[in-house]
Enquirer: 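The structure that follows is given in the form of structure tokens.
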Amino acid sequence: MDYSMQRLLFAALLILASAIDGTLGDAMVSGTVFCDQCKDGQISLFDYPIYGIKVTVACANSDGQVTMSREETTNWFGNYAMKFDGTPDLSSCHAQVTGGCGQRSMGCSASAGPAQSLRLMFRMFDMEFYSVDPLLSQPAQPMSFCPRSPAPVTPAVPSPPAFKLPLTPPLPPAPFLEASACPHEKWMMPEYKCYWRAVNPDTKVALVFGLMAARRYGTDVTLWQGLKGRGDPYRTLLREGATALLNSYNSIRFPYHTLGVIQHMNWALMGSTQDVLLTALRFKRANSGYGTTTCKFTPCK
């Protein structure tokens with residue numbers, strides 16, 4: 001390495017060190033809540049990420065007294081994220097579903113599954129990132145389409161601090177159970193707009209798919225605009241990924257569940273152009289029903 005390159009590298013390290021030194025440490029906690037429709041204590045084909053569920057992260061001392069807590073509500077995709085200032089030790093903390101708010105969560109917040117411990121994933125530049133195993137929110141009674149079993153199975157977990165749950169209204173209608181896969185052209189027809197369920201045409205792509213999508217497509221592109229993409233591998237990926245997302249909400253028998261669509265989309269965006277094309281092709285095949293499943297749309301009234 002020549003002298004000029006050494007000087008350039010040294011200057012870059014100084015800038016990076018000063019930036020890190022001026023950054024306040026934070027602890028981030030993230031996870032997902034699923035509606036456990038069959039009340040079997042585990043995630044199954046019938047369960048889905050649920051919006052509008054309140055999650056509390058609480059930390060207790062050796063006497064069982066809560067010393068710190070945060071509450072957050074899940075977004076459209078059942079995800080929640082919390083920030084704790086500084087870098088507190090969250091190893092003794094638990095996350096727990098503590099209720100629901102809004103019409104979409106009413107029927108699946110009568111009770112909660114077990115609390116889950118926080119797990120430190122990694123630490124970097126005085127920042128800590130914790131993840132939580134999936135939390136479960138449950139209806140008052142198992143749905144009628146659930147398999148019959150002698151008794152619900154609840155995983156054994158350490159007893160965390162207890163939280164009281166509020167009473168909630170009755171259950172909403174069951175989700176769409178019939179197998180269906182519709183191409184992007186169908187989703188753009190005005191007579192089928194009533195099938196846009198958890199998201200709407202103006203929902204931002206960055207909000208749905210996260211930071212990687214925001215960097216690639218910007219923060220202003222909507223799902224409706226994404227459905228028009230063509231002529232470029234990344235635009236094709238967005239078109240088929242957005243279509244797969246809509247199909248995953250419309251039918252629980254679609255090959256990809258909602259979080260799977262988001263994960264595959266992000267993996268493709270972090271990979272090569274070949275990864276982008278392969279993922280777009282897989283989404284397109286699923287959206288076409290693999291030649292065996294048809295689109296079950298009927299015109300909206």
Side-chain angles (χ1 to χ4, degrees), residues 32-35 47-54 72-81 100-109 137 172-230 234-266 269 280 283-284 286-289 295-301:
T32 306
V33 180
F34 286 83
C35 176
D47 303 332
Y48 58 92
I50 184 168
Y51 163 74
I53 293 294
K54 294 180 180 179
E72 190 56 74
T73 303
T74 58
N75 62 16
W76 289 105
F77 307 101
N79 301 325
Y80 61 91
C101 60
Q103 294 292 327
R104 292 183 180 271
S105 66
M106 279 185 175
C108 200
S109 57
S137 187
F176 189 35
L177 299 177
E178 189 176 13
S180 177
C182 302
H184 70 277
E185 294 92 348
K186 294 280 189 181
W187 285 102
M188 299 183 71
M189 294 182 179
E191 60 266 35
Y192 300 137
K193 278 197 173 180
C194 61
Y195 286 91
W196 287 69
R197 296 174 185 264
V199 293
N200 61 63
D202 295 325
T203 301
K204 305 297 185 185
V205 167
L207 176 63
V208 173
F209 292 109
L211 180 60
M212 296 303 299
R215 289 176 176 173
R216 169 57 61 176
Y217 304 109
T219 57
D220 294 327
V221 176
T222 64
L223 289 177
W224 186 259
Q225 293 170 328
L227 291 177
K228 300 178 181 179
R230 55 174 48 85
Y234 288 92
R235 292 185 180 276
T236 302
L237 173 66
L238 178 57
R239 182 190 71 212
E240 298 302 329
T243 305
L245 182 83
L246 294 169
N247 281 321
S248 73
Y249 271 116
N250 187 59
S251 172
I252 64 172
R253 295 174 63 183
F254 186 70
Y256 292 90
H257 58 77
T258 303
L259 291 182
V261 174
I262 297 172
Q263 289 173 347
H264 282 81
M265 184 81 173
N266 278 275
L269 290 174
F283 280 153
K284 185 175 180 63
N287 294 330
S288 64
C295 182
K296 300 300 193 301
F297 283 173
T298 57
C300 305
K301 296 180 179 179

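Numbers here are sequence positions counted from 1.
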Enquirer: Okay, side chain of Asn247, backbone of Cys182: is any donor-acceptor separation there less than 3.5 Å?
Expert: yes
Enquirer: So, for Val261 and Phe283, which heavy atoms are closest and what is the spacing to 0.1 Å?
Expert: O-CZ, 3.7 Å
Enquirer: Of all the heavy-atom pairs spanning Ser180 and Asn250, show the shortest one and how long it is.
Expert: OG-ND2, 3.9 Å
Enquirer: Which pair of non-hydrogen atoms, one from Thr32 and one from Pro49, has the smallest distance, and what is that distance?
Expert: CG2-CB, 4.4 Å
Enquirer: Checking Asn266 side chain against Phe209 main chain: does a donor-acceptor pair fall under 3.5 Å?
Expert: yes
Enquirer: How long is the straight-line distance from CG of Leu223 back to CG of Leu207, given to the nearest 0.5 Å?
Expert: 9.0 Å
Enquirer: Do Ser137 and Ser109 pair up side chain to side chain, a donor and an acceptor below 3.5 Å, judged on atom types alone?
Expert: no
Enquirer: Out of curiosity, Leu245 CG to Leu259 CG, how far, rounded to the nearest 0.5 Å?
Expert: 10.0 Å
Enquirer: Yes or no on side chain to side chain contact (heavy atoms under 4.5 Å, CB included) for Ser248 and Tyr48, after CA distance, side-chain angles and deciding distance?
Expert: CA-CA 10 Å; Ser248 73; Tyr48 58 92; over 6 Å; no
Enquirer: Looking at CZ of Phe34 and OG1 of Thr258, how far apart are the two atoms once the value is rounded to the nearest 0.5 Å?
Expert: 8.5 Å
Enquirer: Would you find a donor on one side and an acceptor on the other, under 3.5 Å apart, between the side chain of Tyr217 and the backbone of Tyr234?
Expert: yes
Enquirer: Answer yes or no: is there a donor N or O on one side and an acceptor on the other, between the side chain of Asn287 and the main chain of His184, under 3.5 Å?
Expert: no
Enquirer: Look at the rings of Trp196 and Trp224 and say which category their plane angle falls in: under 30° parallel, 30 to 60° tilted, over 60° perpendicular.
Expert: tilted
Enquirer: Could you pull out the closest heavy-atom pair between Met265 and Leu237, with the gap in Å?
Expert: SD-CG, 3.7 Å
Enquirer: Side chains of Val33 and Tyr80: closer than 4.5 Å at any heavy-atom pair?
Expert: yes
Enquirer: If I compare all heavy atoms of Thr74 with all of Ile50, which pair ends up nearest, and what's the gap?
Expert: OG1-O, 2.9 Å
Enquirer: Just so I know, are the side chains of Trp187 and Phe297 near enough to count as touching, which here means a heavy-atom distance under 4.5 Å?
Expert: yes
Enquirer: Can you name the nearest heavy-atom pair linking Ser251 to Glu178, along with the distance?
Expert: OG-O, 2.8 Å
Enquirer: Assign the ring pair His264 / Tyr256 to parallel, tilted or perpendicular, where the plane angle (0 to 90°) is split at 30° and 60°.
Expert: perpendicular
Enquirer: Distance check, rounded to the nearest 0.5 Å: Lys204 atom NZ versus Thr222 atom OG1?
Expert: 6.5 Å
Enquirer: What distance do Gln225 atom CD and Arg235 atom CZ have between them, rounded to the nearest 0.5 Å?
Expert: 9.5 Å
Enquirer: Rounded to the nearest 0.5 Å, what separation is found between the CG atom of Leu238 and the OG1 atom of Thr243?
Expert: 9.0 Å
